Amino acid sequence: MEASVDIRVRGLLKRYRNSAGNAVDGIDLDVRRGEFLGLLGPNGAGKTSLISIITGVRRATDGTVQVQGHDIAAQPDKVHGCIGLVPQDIALYEMLTARENMAFFGRLHGLDGKTIRERSERLLEL
């Protein structure tokens, strides 16, 4: 009996506006229950972009991500309820703007988009 797929990625593409190439280009992968996945590669290979998309920190340019059957684009709250992210350092992510950092941590704490926007704007003004 095949183990169920907990993470399914299909045709994932991430293109940044000021970049000559794609950070993530056509990734397909399945991570089944009980498996561990390690991402190896040099700086700029797309490891952080891939994890950021799977966990909902960033949006993909194209492709799909499902976590335990929930689509990250259509059901982000369901995905956030069944996936965790432990950053390498407890700090701000340099590749994210101040607003994106606040949105990321707000989502981790279960805040809705409106609350995140309002609090972020207030804090940025300070």
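All residue numbers refer to positions in the sequence shown, counting from 1. Predicted model only: the values in this text are computed from it and were never measured.
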If we only count heavy atoms from C-beta on, is the L50 to L29 side-chain gap below 4.5 Å? yes
For [X], which fellow cluster members are found when Ile, Leu, Val, Met, Phe, Trp and Tyr are connected by side-chain heavy-atom distances below 4.5 angstrom, either directly or through intermediates?
| X | value |
| --- | --- |
| M102 | L123, L124, L126 |
| I116 | L111 |
| L40 | none |

Backbone N/O of R59 and side chain of K14: donor-acceptor pair under 3.5 Å: yes
So, does S120 use its side chain to make a donor-acceptor pair with the main chain of R99 at under 3.5 Å?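 Pair absent, no side-chain N/O of S120 close to backbone of R99.
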All pairs passing salt bridge (Lys or Arg N to Asp or Glu O under 4.0 Å) where residues 105-119 contributes a residue, at least two apart: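 Salt bridge (Lys or Arg N to Asp or Glu O under 4.0 Å) check on residues 105-119 returns K114-E118.
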Residue pair D30, R10: steps toward the side-chain contact (heavy atoms from CB on, under 4.5 Å) verdict: CA-CA 9 Å; D30 289 335; R10 292 291 180 267; 3.0 Å; yes
The criterion is side chain to side chain donor-acceptor pair (under 3.5 Å); which residues satisfy it with E35, sequence neighbours excluded? none
Test log, rule side-chain contact (heavy atoms from CB on, under 4.5 Å), inputs V31 and D6: CA-CA 6 Å; V31 180; D6 280 345; 5.6 Å; no
Give me the atom names and distance for the closest heavy-atom approach of I27 to V24.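 Taking every non-hydrogen atom into account, CG1-CG1, 3.3 Å.
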Between M95 and E100, which heavy-atom pair has the shortest distance, and what is it? O-OE1, 4.3 Å
For residues 64-75, dump all side-chain donor-acceptor pairs below 3.5 Å to protein atoms at least two apart in sequence or in another chain.
| from | atom 1 | to | atom 2 | distance (Å) |
| --- | --- | --- | --- | --- |
| D71 | OD1 | A73 | N | 2.8 |
| D71 | OD1 | A74 | N | 3.0 |
| Q75 | OE1 | D71 | N | 3.3 |

Report the distance from atom CD1 of I7 to atom CD1 of I83, rounding to the nearest 0.5 Å.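 The CD1 atom of I7 sits 4.5 Å away from the CD1 atom of I83.
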Let me check something: do V57 and L13 share a hydrophobic cluster, defined by ILVMFWY side-chain heavy atoms less than 4.5 Å apart, either directly or through other members? no
Is it true that L12 and Y16 fall in one hydrophobic cluster, defined by side-chain heavy atoms closer than 4.5 Å? no
Within the supplied structure, the quantity of interest is the number of heavy atoms (other residues, nucleotides, ligands) at a distance under 6.0 Å from K78 NZ; does it exceed 12? no
